[in-house]
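One structure below.
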Amino acid sequence: IAVSIVNTRLHEQVGQQRDRLEADISERKRVEAALMASEAKYRRLHESMMDAFVSARISGRIQESNRAFCEMVGYTEEELAQLTTLDLTPTRWHAVEAHIIREQVLKRGFSDVYEKELRKKDGTAIPVELRAYLISDDLARPAGTWAIVRDITERKRAEDEVLRHR
């Protein structure tokens with residue numbers, strides 16, 4: 001009888017642990033499915049954006065870009081991952097951009113919309129406007145930046161044309 005009581009209690013404990021484990025597994029599957037759906041939603045947004053998107057580590061190393069940015073600068077995403085933001089920025093803009101990052105992005109989390117140039121893979125420079133945003137790590141330390149970038153070549157041509165006809 002004592003063995004039977006111990007065996008029954010042991011069987012109950014195993015059953016309770018199995019029930020908790022099944023509940024944990026079900027919850028984990030639900031969370032994983034929600035995460036996958038969220039990732040797919042943001043991947044579709046990222047890839048379908050008409051504006052160029054780029055993000056970089058705080059060191060300047062490019063970590064992510066969308067198709068619009070790749071087309072704008074003529075590099076593949078894999079090639080961009082080997083470059084820094086300085087590699088894509090003509091030297092004459094380095095000090096200006098460093099000032100914007102230091103005085104705007106690091107202080108308030110984003111920049112005003114500003115203009116600069118990007119150097120394409122073929123070496124040509126194109127005028128762009130962008131707004132940069134700060135990425136912080138879990139301890140609220142600066143970890144990188146991301147930006148929406150627009151090619152303003154046509155706008156600059158139109159402005160030059162207006163100035164020529166004055």
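For clarity, every value in this text was computed on a predicted model and none was experimentally measured.
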> Do the charged groups of Glu129 and Arg155 touch, with an N to O distance under 4.0 Å?
Replying inline: yes
> Around atom CZ of Arg150, are there more than 12 heavy atoms of other residues, nucleotides or ligands at under 6.0 Å?
Replying inline: no
> Tell me, which pairs form a side chain to side chain donor-acceptor pair (under 3.5 Å) where one or both residues lie in residues 138-149, sequence neighbours left out?
Replying inline: Asp137-Arg141
>> Evaluate Glu161 against Arg157 for salt bridge (Lys or Arg N to Asp or Glu O under 4.0 Å), listing each step before the verdict.
In response: CA-CA 6 Å; Glu161 194 66 29; Arg157 279 190 194 129; over 6 Å; no
>> Taking transitive links into account, so neighbours of neighbours count too, which hydrophobic residues share a cluster with Phe69 at under 4.5 Å side-chain distance?
In response: Val54, Ile62, Met72, Val73, Tyr75, Leu80, Leu83, Leu88, Trp93, Val96, Ile100, Tyr114, Leu118, Ile126, Val128, Leu130, Val149
>> I need the minimum non-hydrogen distance between Pro90 and Ala125, along with the two atoms involved.
In response: CG-CB, 4.3 Å
> Judged by atom type as modelled, is there a donor-acceptor pair below 3.5 Å linking the side chain of Asp51 to the main-chain atoms of Ala68?
Replying inline: no
> What is the minimum heavy-atom distance between Arg131 and Val113, and which atoms define it?
Replying inline: NH2-CG2, 3.2 Å
> Got a donor-acceptor contact below 3.5 angstrom from the Arg61 side chain to the Gln82 backbone?
Replying inline: yes
> Under 4.0 Å between a Lys/Arg side-chain N and an Asp/Glu carboxylate O for Lys156 and Glu117?
Replying inline: no
> Looking at side-chain heavy atoms only, is the closest gap between Lys116 and Thr89 below 4.5 Å?
Replying inline: yes
>> Can you give me the closest heavy-atom contact between Ile152 and Glu115, atom names plus distance?
In response: CD1-CD, 3.6 Å
> Considering all heavy atoms of both residues, which atom of Gly144 and which atom of Leu134 are nearest to each other, and what is their separation?
Replying inline: O-CD1, 3.5 Å
> Which atom names give the shortest non-hydrogen contact between Tyr133 and Val105, and what distance separates them?
Replying inline: C-CG1, 4.1 Å
>> Test of understanding: with salt bridge (charged side-chain N to carboxylate O under 4.0 Å, His left out), list the residues that count as partners of Lys120, not counting sequence neighbours.
In response: none
>> So which atom in Cys70 and which in Thr76 form the shortest heavy-atom distance, rounded to 0.1 Å?
In response: SG-C, 4.0 Å
> Salt bridge check: are Glu32 and Arg28 linked by an N-O gap of less than 4.0 Å?
Replying inline: yes
